[in-house]
Novice: 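My structure is below; once you've seen it, I'll send some questions.
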Amino acid sequence: MPNFTKLTTESELPPMDEAKEFPCGAKTICVANVNGVYSAMDNICPHRGGPLGQGMIEGGKVVCPWHGWAWDPKTGEAVQNPSAKVAVYPLKIENGDVLVEA
Ligand code: FES
């Protein structure tokens with residue numbers, strides 16, 4: 001059974017075409033808002049550990065603030081290196097709460 005936990009509230013989500021980081025138990029989750037669609041992924045960039053939630057969104061991808069690798073927030077794949085992947089998590093919004101299965 002999927003096990004969704006509350007990450008934040010809808011009002012705390014990032015504005016259009018921005019990303020933001022949220023604590024989630026022992027992890028930190030990056031939520032990206034691409035054109036009004038929210039996605040959740042691990043906040044730690046697999047390249048060298050940069051904070052993806054502090055990055056920008058360009059062309060629908062989350063760009064790591066450290067060395068500029070771009071990550072697809074839907075699939076977790078890196079544009080620069082398709083074999084590199086960050087974990088992505090199902091996200092849903094219910095009654096103003098943002099829930100992730102992480
Ligand atoms: S740590 Fe993210 S691109 Fe290098």
Side-chain angles (χ1 to χ4, degrees):
M1 280 293 285
N3 190 10
F4 281 88
T5 54
K6 181 177 173 181
L7 184 67
T8 185
T9 55
E10 199 173 358
S11 60
E12 294 296 317
L13 284 170
M16 186 83 85
D17 291 322
E18 288 188 22
K20 191 170 173 184
E21 48 191 9
F22 296 92
C24 183
K27 300 183 199 188
T28 305
I29 304 285
C30 164
V31 175
N33 176 349
V34 176
N35 218 8
V37 178
Y38 297 102
S39 309
M41 63 206 288
D42 204 88
N43 194 54
I44 298 173
C45 178
H47 177 227
R48 297 270 178 85
L52 294 177
Q54 295 175 27
M56 313 223 303
I57 296 195
E58 282 176 16
K61 307 291 189 282
V62 176
V63 179
C64 178
W66 284 9
H67 315 99
W69 284 31
W71 302 89
D72 187 319
K74 286 281 173 215
T75 64
E77 284 174 11
V79 173
Q80 285 82 352
N81 180 355
S83 66
K85 228 172 166 182
V86 60
V88 293
Y89 306 112
L91 177 152
K92 62 182 180 180
I93 298 172
E94 273 180 8
N95 302 320
D97 286 337
V98 179
L99 310 172
V100 290
E101 189 191 344

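Side-chain atoms are counted along with the backbone in the values below, which use heavy atoms only and exclude waters and symmetry mates. Order of appearance sets the numbers: ligands from 1, and atoms from 1 within every ligand.
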Novice: Looking only at atom types and distance, does a side-chain atom of Gln80 sit under 3.5 Å from a main-chain N or O of Gly68, one as donor and one as acceptor?
Specialist: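 Indeed, once roles are kept as given, a pair shorter than 3.5 Å links the two residues.
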Novice: Please check if Ile29 and Ile44 belong to a single hydrophobic cluster, counting links between Ile, Leu, Val, Met, Phe, Trp and Tyr side chain heavy atoms closer than 4.5 Å.
Specialist: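 They do not share one cluster, since no chain of ILVMFWY contacts under 4.5 Å joins Ile29 to Ile44.
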Novice: Is there a donor-acceptor pair closer than 3.5 Å between any side-chain N or O of Asp97 and the backbone N or O of Thr9?
Specialist: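 Side chain of Asp97 to backbone of Thr9, a donor-acceptor pair under 3.5 Å: no, none is there.
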Novice: Look at the N, O or S atoms of His47, main chain and side chain alike, and state whether any lies under 2.8 Å from atom 2 (Fe) of ligand 1.
Specialist: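 No, outside the cut-off.
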Novice: Which atoms of ligand 1 sit under 4.0 Å from any heavy atom of Gly49?
Specialist: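 That gives atoms 1 (S) of ligand 1.
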Novice: Would you check if the side chain of Asn33 reaches a backbone N or O of Pro15 as a donor-acceptor pair within less than 3.5 Å?
Specialist: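 Yes; judged by distance alone, with no hydrogens or angles, the pair exists.
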Novice: Mark up the atoms of ligand 1 that fall under 4.0 Å of a heavy atom belonging to Trp69, in ascending order.
Specialist: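 Counting atoms of ligand 1 from 1, those under 4.0 Å from Trp69 are 3 (S).
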Novice: For Gly50, counting its heavy atoms only, list the atoms of ligand 1 lying under 4.0 Å from any of them.
Specialist: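 Ligand 1 atoms under the 4.0 Å threshold to Gly50: 1 (S).
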Novice: Any sub-3.5 Å donor-acceptor pair from Asp42's side-chain atoms to Ala87's backbone N or O?
Specialist: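 Checked: no pair found.
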Novice: Show me which atoms of ligand 1 lie under 4.0 Å from any heavy atom of Trp66.
Specialist: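 Contacts of ligand 1 toward Trp66, numbered from 1: 1 (S).
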Novice: To 10°, measure the SG(Cys45)-atom 2 (Fe) of ligand 1-SG(Cys64) angle for me.
Specialist: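 Centred on atom 2 (Fe) of ligand 1, the SG/SG angle is 110° (to 10°).
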Novice: Do you know which N/O/S atom name in His67 is closest to atom 4 (Fe) of ligand 1?
Specialist: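 His67's closest N, O or S atom to atom 4 (Fe) of ligand 1 is named ND1.
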Novice: Check this for me: does any side-chain nitrogen of one of Lys20 and Glu18 sit under 4.0 Å from a carboxylate oxygen of the other?
Specialist: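 Salt bridge absent between Lys20 and Glu18.
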